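Data first, discussion second: the structure below is written as structure tokens.
Quantities reported herein were computed from a predicted structural model and do not represent experimental measurements.
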Amino acid sequence: MTDNTLRSVTIERTRTGHFTATNPRGGTISFGTSSDPDGGADFTPVELLLAAIGGCTAADVDVATARHAEPTGFTVSVTGNKISDESGNRMTDLVVTFSVAFPDGDLGDRARTILPRAVKTSHDRLCTVSRTVEIGTPVTATIADA
């Protein structure tokens with residue numbers, strides 16, 4: 001693969017059950033385990049997966065519809081069931097639900113008309129995250145020299 005296709009993050013442990021992911025541009029997000037004894041409001045890795053699926057498709061839909069009208073409300077809900085079976089731990093029944101409102105008038109009507117196609121196009125072709133999950137891609141885990 002070429003440098004323009006490579007995406008990466010680095011994960012650092014900050015304390016037991018707490019981590020910070022950093023991207024090459026310096027952006028960070030903290031996350032942790034759901035069994036964190038301190039409670040905490042960090043996202044779990046599964047919640048980050050759900051956020052990535054929803055965020056990816058939300059961005060696609062926003063680009064397609066906002067060029068016609070600025071939404072008056074835009075919420076995306078992502079749900080799924082975490083199960084454990086003979087295949088191990090995994091998520092099933094992933095559902096992305098859009099609740100989007102546009103102002104009255106011709107531009108809002110145009111954005112409302114485009115919304116279903118934008119959601120479908122994101123799901124079927126554009127959203128890298130959900131496309132990767134649906135199609136499936138092998139994940140390799142290795143250990144580097146410390």
Side-chain angles (χ1 to χ4, degrees), residues 1-15 17-36 38-142:
M1 292 289 145
T2 62
D3 285 343
N4 63 348
T5 64
L6 181 66
R7 304 296 187 267
S8 67
V9 295
T10 302
I11 314 277
E12 294 282 337
R13 179 185 181 272
T14 56
R15 69 179 200 267
H18 290 266
F19 306 88
T20 299
T22 304
N23 67 25
R25 296 172 308 285
T28 62
I29 187 166
S30 296
F31 62 97
T33 60
S34 61
S35 59
D36 178 3
D38 297 331
D42 288 345
F43 279 81
T44 67
V46 169
E47 291 165 340
L48 289 175
L49 174 67
L50 297 176
I53 291 169
C56 180
T57 195
D60 292 339
V61 170
D62 188 45
V63 166
T65 59
R67 67 176 63 136
H68 301 285
E70 184 66 21
T72 56
F74 194 115
T75 303
V76 179
S77 172
V78 186
T79 60
N81 296 309
K82 183 177 176 185
I83 67 165
S84 182
D85 61 15
E86 63 280 350
S87 296
N89 295 343
R90 60 191 174 95
M91 294 295 294
T92 63
D93 306 314
L94 295 169
V95 177
V96 179
T97 304
F98 280 82
S99 178
V100 184
F102 297 100
D104 292 334
D106 290 343
L107 295 177
D109 290 344
R110 191 172 310 156
R112 273 186 289 283
T113 299
I114 289 168
L115 180 62
R117 187 177 74 224
V119 169
K120 181 173 177 24
T121 301
S122 177
H123 175 266
D124 293 349
R125 297 199 26 83
L126 299 177
C127 177
T128 303
V129 178
S130 63
R131 299 303 310 141
T132 302
V133 169
E134 278 203 64
I135 293 170
T137 251
V139 176
T140 303
T142 63

Taking all heavy atoms of Val46 and all of Met91, pick out the closest pair and write down the distance. CG1-SD, 3.5 Å

CG of Leu94 to CD1 of Ile53, rounded to nearest 0.5 Å, is 5.0 Å

side-chain hydrogen bond (donor to acceptor under 3.5 Å, both in side chains): pairs with one or both residues in residues 103-116, sequence neighbours excluded: Asp109-Arg112

Restricting to side chain to side chain contact (heavy atoms under 4.5 Å, CB included), what partner residues turn up for Ser87, sequence neighbours left out? Asp85, Arg90

Nearest-0.5 Å distance that lies between atom NZ in Lys82 and atom OG1 in Thr44: 7.0 Å

Apply salt bridge (charged side-chain N to carboxylate O under 4.0 Å, His left out) to Asp93 and list each qualifying residue two or more places apart in sequence or on a separate chain. none

Does atom CD of Glu47 have more than 12 heavy-atom neighbours from other groups under 6.0 Å away? yes

Arg7: side chain to side chain donor-acceptor pair (under 3.5 Å) partners, not counting sequence neighbours: none

Roughly how far apart are Leu50 CG and Thr79 OG1, rounded to 0.5 Å? 8.0 Å

Which pairs, with at least one residue in residues 114-124 and sequence neighbours excluded, count as a salt bridge (Lys or Arg N to Asp or Glu O under 4.0 Å)? Lys120-Asp124

Can you measure from CG (Leu126) to OG1 (Thr121) and round to the nearest 0.5 angstrom? 6.0 Å

Non-hydrogen atoms of Ala69 and Pro103 that approach each other most closely: CB-CD, 4.2 Å

Please enumerate all residues that pass side chain to side chain donor-acceptor pair (under 3.5 Å) together with Ser84, with sequence neighbours excluded. Asn89

Which residue pairs pass the side-chain hydrogen bond (donor to acceptor under 3.5 Å, both in side chains) test when at least one of the two sits in residues 58-67, sequence neighbours left out? Asp60-Ser122

For Phe19, check ring-ring contact (aromatic ring centres under 6.0 Å, His included) against everything at least two apart and list the hits. Phe31

Applying side chain to side chain contact (heavy atoms under 4.5 Å, CB included), can you list everything that pairs with Thr20, at least two apart in sequence or on another chain? Thr14, Thr22, Thr28, Ser30

Looking at Gly32 and Pro45, what are the two nearest heavy atoms and their distance? O-CD, 3.4 Å

Below 3.5 Å, can you tabulate the donor-acceptor pairs from side chains in residues 71-78 to any protein atom, sequence neighbours excluded?
from	atom 1	to	atom 2	distance (Å)
Thr72	OG1	Ala101	O	3.3

Kindly write out the residues that satisfy side chain to side chain contact (heavy atoms under 4.5 Å, CB included) with Ala52, not counting sequence neighbours, or none if the list is empty. Val129

Show me, pair by pair, the donor-acceptor contacts under 3.5 angstrom made by side chains of residues 134-142, not counting sequence neighbours?
from	atom 1	to	atom 2	distance (Å)
Glu134	OE2	His123	NE2	2.5

